[in-house]
Amino acid sequence: MNKSLKYRHELKFFINQHQFYIIRQRLKSLMGQDKNVGPSGEYHIRSLYFDDMNNKALHEKLGGIRDRVKYRIRIYNVQDNVIHFEKKIKFNDYIAKVKEPLTRDMYDQIVAGQFEVLNNPDKPLLLELYHEMKHNLLRPKVIVDYVREPYVCHNGNVRITFDKELRTGLHSMDIFNKQLNPVRAIDENLIILEVKYDEYIPDYIKIALQLEGLNRQSASKYVICRKFLKYNSWEDY
C-alpha cells in the first residue's frame with residue numbers, strides 16, 4: 001500500500017427503483033447533496049476507460065485479483081471545462097484515486113494516438129500513462145456513461161451515490177462526440193448504489209441504508225460495459 005495515498009472503503013450494490021425511492025427518502029433528511037449537482041440534484045458522468053494489450057484491468061477484475069489499477073479520462077455534463085485523467089487503485093477492500101487535469105487539446109491528442117503530450121517528468125501520473133501507452137499499448141477500450149445523484153456527510157466523510165441509466169458508447173472512443181448515442185448496459189430497473197467512507201459509517205446512516213438486505217455486487221461499470229460490448233459485437237478478449 002502506498003502510504004502517501006488516501007485510501008477509503010467502497011461498497012457497491014444493485015438496487016431496484018423501489019429500493020432507490022425508499023433509501024433516498026431516508027437519506028435526504030440525514031445527508032446533504034454534493035455541491036456540484038444541478039437543479040435536478042444530479043450530474044452526468046462520462047468516462048473513457050483504457051486497458052493494455054492483454055486487457056489486464058479487465059482480466060484482473062474478472063479473476064478476482066484484489067490489488068489492481070484502472071485508468072480513465074472523465075468529464076462531467078459533456079463539457080470540456082473539467083477533464084481529468086484518473087488512476088483508480090484497489091488495495092484489498094480499500095480504494096484510492098490519483099488524477100491530473102487535461103486540456104481539451106491534450107485530450108484530442110491522446111485520443112488521436114499522439115502520446116508524447118503525456119511525456120512530462122514533472123507529472124508522475126502522466127509520465128506513467130505515457131510509458132503504459134508506449135510499452136504496454138494502453139489504449140481506449142470503452143465509454144461508460146451514467147447519471148449520478150450524490151449525497152455527502154461530514155461524519156466519517158461518507159459519500160453515497162445513486163448511479164442511474166448506465167450506458168456504453170459501444171465502438172465510439174470520443175467522449176465529446178455530439179452524435180454519440182450510448183445504449184443501456186444493464187436492466188433499466190437497476191441502479192448502482194455506491195457507499196464510500198473513511199473509517200466508519202455513522203449508525204444513523206447505516207440504519208437508513210440497511211445494507212445487509214441489499215445485493216452486494218463486485219462488477220465494475222467498466223466490466224459491465226466491456227461485457228455488453230463483447231456480447232453485442234465481434235469483440236474478443
Side-chain angles (χ1 to χ4, degrees), residues 6 8-49 70 72-88 95-104 107 143-169 175-178 180-198 200-202 204-211 214 217 220-222 224-225:
K6 181 180 180 181
R8 309 186 73 205
H9 297 271
E10 181 182 62
L11 308 174
K12 295 184 181 182
F13 305 88
F14 279 132
I15 60 174
N16 59 37
Q17 294 285 341
H18 178 67
Q19 291 170 313
F20 161 64
Y21 288 122
I22 291 173
I23 296 170
R24 179 177 66 174
Q25 197 59 37
R26 292 182 191 142
L27 291 179
K28 276 190 168 183
S29 62
L30 302 173
M31 303 178 71
Q33 281 221 288
D34 184 289
K35 65 180 187 299
N36 295 309
V37 299
S40 66
E42 304 166 324
Y43 53 81
H44 177 265
I45 293 176
R46 184 173 288 169
S47 299
L48 176 63
Y49 279 81
K70 283 198 295 264
R72 66 194 179 204
I73 293 176
R74 175 162 287 187
I75 61 170
Y76 300 90
N77 301 320
V78 200
Q79 297 175 349
D80 63 5
N81 56 321
V82 176
I83 311 172
H84 282 119
F85 217 135
E86 300 181 344
K87 175 184 180 181
K88 188 174 181 182
I95 58 157
K97 192 160 69 174
V98 184
K99 61 184 179 181
E100 277 288 346
L102 299 177
T103 64
R104 178 63 184 269
Y107 164 82
I143 287 176
V144 175
D145 183 282
Y146 54 96
V147 174
R148 170 165 284 180
E149 182 175 333
Y151 294 87
V152 293
C153 173
H154 177 71
N155 294 332
N157 192 21
V158 179
R159 181 177 177 82
I160 296 175
T161 55
F162 299 99
D163 292 339
K164 315 167 192 177
E165 301 175 36
L166 178 63
R167 298 172 184 269
T168 173
I175 49 183
F176 295 106
N177 178 4
K178 299 293 187 188
L180 182 69
N181 187 23
V183 296
R184 278 196 182 273
I186 57 173
D187 187 290
E188 64 182 25
N189 188 45
L190 287 179
I191 290 169
I192 298 172
L193 166 66
E194 295 190 2
V195 182
K196 299 183 180 78
Y197 60 99
D198 288 351
Y200 68 97
I201 304 175
Y204 59 89
I205 294 179
K206 277 186 183 176
I207 292 168
L209 289 170
Q210 296 183 355
L211 297 179
L214 300 181
Q217 63 105 9
S220 69
K221 297 182 189 75
Y222 168 61
I224 291 170
C225 290

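Numbering starts at 1 and runs along the sequence shown.
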Would you tabulate the side-chain donor-acceptor contacts of residues 95-103 under 3.5 Å, counting partners in other chains and residues two or more places apart, or write 'none'?
from: T103; atom 1: OG1; to: M106; atom 2: N; distance (Å): 3.0

Exercise. Hey, is E188 close enough to R167 for a salt bridge, meaning N to O under 4.0 Å?
Worked result: no

Problem set entry | Side-chain touch I23/Q25, heavy atoms, less than 4.5 angstrom | no

Exercise. Can you say whether the rings of F162 and Y151 are parallel (under 30°), tilted (30 to 60°) or perpendicular (over 60°)?
Worked result: perpendicular

Problem set entry | Any K196 side-chain heavy atom under 4.5 Å of V158 side chain | no

Seminar exercise, completed: In terms of heavy-atom contacts, I160 and M31 come closest through CD1-SD, 3.6 Å

Exercise. Looking at G41 and P150, what are the two nearest heavy atoms and their distance?
Worked result: O-CD, 3.7 Å

Exercise. Quick one: does K164's side chain get under 4.5 Å of F20's, heavy atoms only?
Worked result: yes

Exercise. Could you give the distance from CD1 (I201) to CG (L211), rounded to the nearest 0.5 Å?
Worked result: 6.0 Å

For this session: Report the C-alpha separation of I224 and I186 in whole Å, then their side-chain angles, then the decisive distance to 0.1 Å, and conclude whether the side chain to side chain contact (heavy atoms under 4.5 Å, CB included) test is met.
Result: CA-CA 8 Å; I224 291 170; I186 57 173; 3.5 Å; yes

Problem set entry | Separation of C225 SG from D145 CG (nearest 0.5 Å) | 8.5 Å

Exercise. Aromatic rings Y43 and Y76: how do their planes relate, parallel, tilted or perpendicular, breaks at 30° and 60°?
Worked result: perpendicular

Problem set entry | Check: Y49 main-chain N/O paired with R72 side-chain donor or acceptor under 3.5 Å | no

Problem set entry | Close side-chain approach of F13 to L209, heavy-atom, < 4.5 Å | no

Exercise. Side chains of R148 and E165: does their closest heavy-atom pair fall under 4.5 Å?
Worked result: no

For this session: Ignoring hydrogens and angles, state whether a donor on the side chain of Y21 or Q19 is under 3.5 Å from an acceptor on the partner side chain.
Result: no

Problem set entry | Considering all heavy atoms, the nearest L193-L214 contact | CD2-CD1, 3.7 Å

For this session: Kindly say whether the aromatic ring centers of Y107 and F85 come within a distance under 6.0 Å.
Result: no

Exercise. Mind checking whether K70 and S220 have side chains closer than 4.5 Å, heavy atoms only?
Worked result: yes

Problem set entry | Worked check of side chain to side chain contact (heavy atoms under 4.5 Å, CB included) between H44 and V78 | CA-CA 7 Å; H44 177 265; V78 200; 3.6 Å; yes

Exercise. If only atom types and distance count, is the side chain of T168 paired as donor or acceptor with the main-chain N or O of V144 below 3.5 Å?
Worked result: no

For this session: Nearest 0.5 Å please: distance from the CD1 atom of I75 over to the CD1 atom of I83.
Result: 7.0 Å

Exercise. Looking only at side chains, do N155 and Y204 share a donor and an acceptor under 3.5 Å apart?
Worked result: yes

For this session: Give a yes-or-no answer on whether the side chains of N189 and H18 include a donor-acceptor pair shorter than 3.5 Å.
Result: no

For this session: Give the intermediate values and the outcome of side chain to side chain contact (heavy atoms under 4.5 Å, CB included) for residues R46 and I143.
Result: CA-CA 7 Å; R46 184 173 288 169; I143 287 176; 3.7 Å; yes

Exercise. According to the salt bridge (charged side-chain N to carboxylate O under 4.0 Å, His left out) rule, which pairs have a member within residues 29-41, sequence neighbours left out?
Worked result: D34-R159

Exercise. Would R74 and S47 count as having a side-chain donor-acceptor pair, cut-off 3.5 Å?
Worked result: yes

For this session: Could you check if a side-chain atom of E149 sits within less than 4.5 angstrom of a side-chain atom of T161, using non-hydrogen atoms only?
Result: no

Problem set entry | CA sep, side-chain torsions, deciding dist, call: E194, L11, side chain to side chain contact (heavy atoms under 4.5 Å, CB included) | CA-CA 6 Å; E194 295 190 2; L11 308 174; over 6 Å; no

Seminar exercise, completed: For Q210 and I207, the nearest pair of non-hydrogen atoms, with its separation, is CG-O, 3.0 Å

Exercise. Are I192 and K221 close enough that some pair of their side-chain heavy atoms sits under 4.5 Å apart?
Worked result: yes

Exercise. Is the shortest distance from a Lys or Arg side-chain nitrogen in D80 or R104 to a carboxylate oxygen in the other one below 4.0 Å?
Worked result: yes

Problem set entry | Point-to-point distance, once rounded to the nearest 0.5 Å, from CD1 of I22 to CG of L27 | 12.0 Å

